[in-house]
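Here's the structure, in structure tokens; my notes come after.
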Amino acid sequence: MALRPVQVNIKALDGSAVGRFWAEALGWRAYHPGVTTYVGPGGGPVWPDPVSLCIDIVPVPEPKTTTKNRVHLDLATTSAAHQAELVARLRALGATPTHVGQGDVPWTVLADPEGNEFCVLEPRETYRDTGPIAAVVVDCADPRAMAGFWGEATDWTLHEVTDDLAVLRSAKGIGPYLEFLRTPGVKTGPDRVHLDLLPYPGDDKAAEVARLRALGATDLDLGQGDVPWTCLADPEGHEFCVLAPS
């Protein structure tokens, strides 16, 4: 048994506007299946997408605080010119430069219209085939421990693990990477960005949740009430949801 990451959940005051931003940013489309805005490749909404890790924008009443998210997206580029063009286009769409202590680096740190940080990377061979999202990056204290938990929680393959970085990717070698980066500071509250996981057809969601608890996940009450998904936190407190198979 194992779970598959299927989407990045982003909270927003104006879900439609943030959804439009991310659709334009990624060259995808925004769909409105209900109260959320789903952002995925064109050609009609496919869920779960067989290749891409898509985005689900969820409207909430609270604005983002000034606290940096401990989960963010890295966007891929194919050349220096592409990176410059993408940064300029994103700024025209409403992104703003932001400083998270990055110093003099070859990537550009921006925030979406509601302040969620993300990076536009310089061209890197590693991300040549990921699609527009190169990686979902999670700040953490212990990448090795995160690799242990998430490697068991999901069916993704561990590509690299050191004291400073752990890297996982779909065993099919498609889509973005999931990276756990050793970062100063501690988690102080719920993030605006988290991963949603889904059982495979035929697998039992309750059994999967029980397995995650045995691995060190804890139950999380975010005021979600009676919903078909289960909110959990990993051993360092990063929120994630286990969705119900449709």
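When all heavy atoms are compared, the tightest approach of Pro199 to Arg4 is O-NH2, 3.4 Å. Residues Arg89 and Ala25 come closest through the heavy atom pair NH2-O, 3.5 Å.
Residues Leu212 and Thr230 have side chains not in contact (no heavy-atom distance under 4.5 Å, counting atoms from C-beta outward). In this structure, the side chains of Val8 and Val71 stay at 4.5 Å or more apart for every pair of heavy atoms.
Between the side chain of His238 and the backbone N or O of Asp139, at least one donor-acceptor pair lies under 3.5 Å. Looking only at distances, a side-chain donor or acceptor of Gln83 sits under 3.5 Å from a matching main-chain atom of Val120. Side chain of Ser52 to main chain of Cys54: no donor-acceptor pair is present (N/O by atom type, distance under 3.5 Å, no hydrogens or angles). Under the 3.5 Å distance criterion, the side-chain polar atoms of Arg211 are matched with a main-chain donor or acceptor of Ala153. A side-chain donor-acceptor contact under 3.5 Å links Glu236 to the backbone of Ala141.
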Name the atoms and distances for all side-chain donor-acceptor pairs under 3.5 Å in residues 30-38, with sequence neighbours left out.
unit_1: Tyr31; atom_1: OH; unit_2: Pro41; atom_2: O; d: 3.1
unit_1: Tyr31; atom_1: OH; unit_2: Gly44; atom_2: N; d: 3.2
unit_1: His32; atom_1: ND1; unit_2: Thr37; atom_2: OG1; d: 3.3
unit_1: Thr36; atom_1: OG1; unit_2: Asp56; atom_2: OD1; d: 3.0
unit_1: Tyr38; atom_1: OH; unit_2: Val46; atom_2: O; d: 3.1

Please output the side-chain donor-acceptor pairs of residues 14-22 that fall under 3.5 Å, not counting sequence neighbours, one pair per line with the distance.
unit_1: Asp14; atom_1: OD1; unit_2: Ser16; atom_2: N; d: 3.4
unit_1: Asp14; atom_1: OD1; unit_2: Ala17; atom_2: N; d: 3.1
unit_1: Trp22; atom_1: NE1; unit_2: Asp112; atom_2: OD2; d: 3.1

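Note: the hydrophobic cluster containing Leu168 also contains Val161 (ILVMFWY, side chain heavy atoms under 4.5 Å, direct or indirect links). Leu198 and Leu53 fall into different hydrophobic clusters, where Ile, Leu, Val, Met, Phe, Trp and Tyr side chains are chained together by heavy-atom contacts under 4.5 Å. Hydrophobic clustering, with ILVMFWY side chains joined whenever heavy atoms are under 4.5 angstrom apart, groups Ile57 together with Leu93.
Within 6.0 Å of CZ in Arg91 there are 12 or fewer heavy atoms belonging to other residues, nucleotides or ligands.
Checking each of Arg70, Lys11, Lys187 against Glu239 for a salt bridge (Lys or Arg N to Asp or Glu O under 4.0 Å) leaves exactly one that passes, namely Lys187.
The hydrophobic cluster containing Leu181, built from Ile/Leu/Val/Met/Phe/Trp/Tyr side-chain heavy atoms closer than 4.5 Å, also comprises Val100, Val105, Trp107, Val109, Leu121, Tyr127, Val137, Leu165, Val167, Tyr177.
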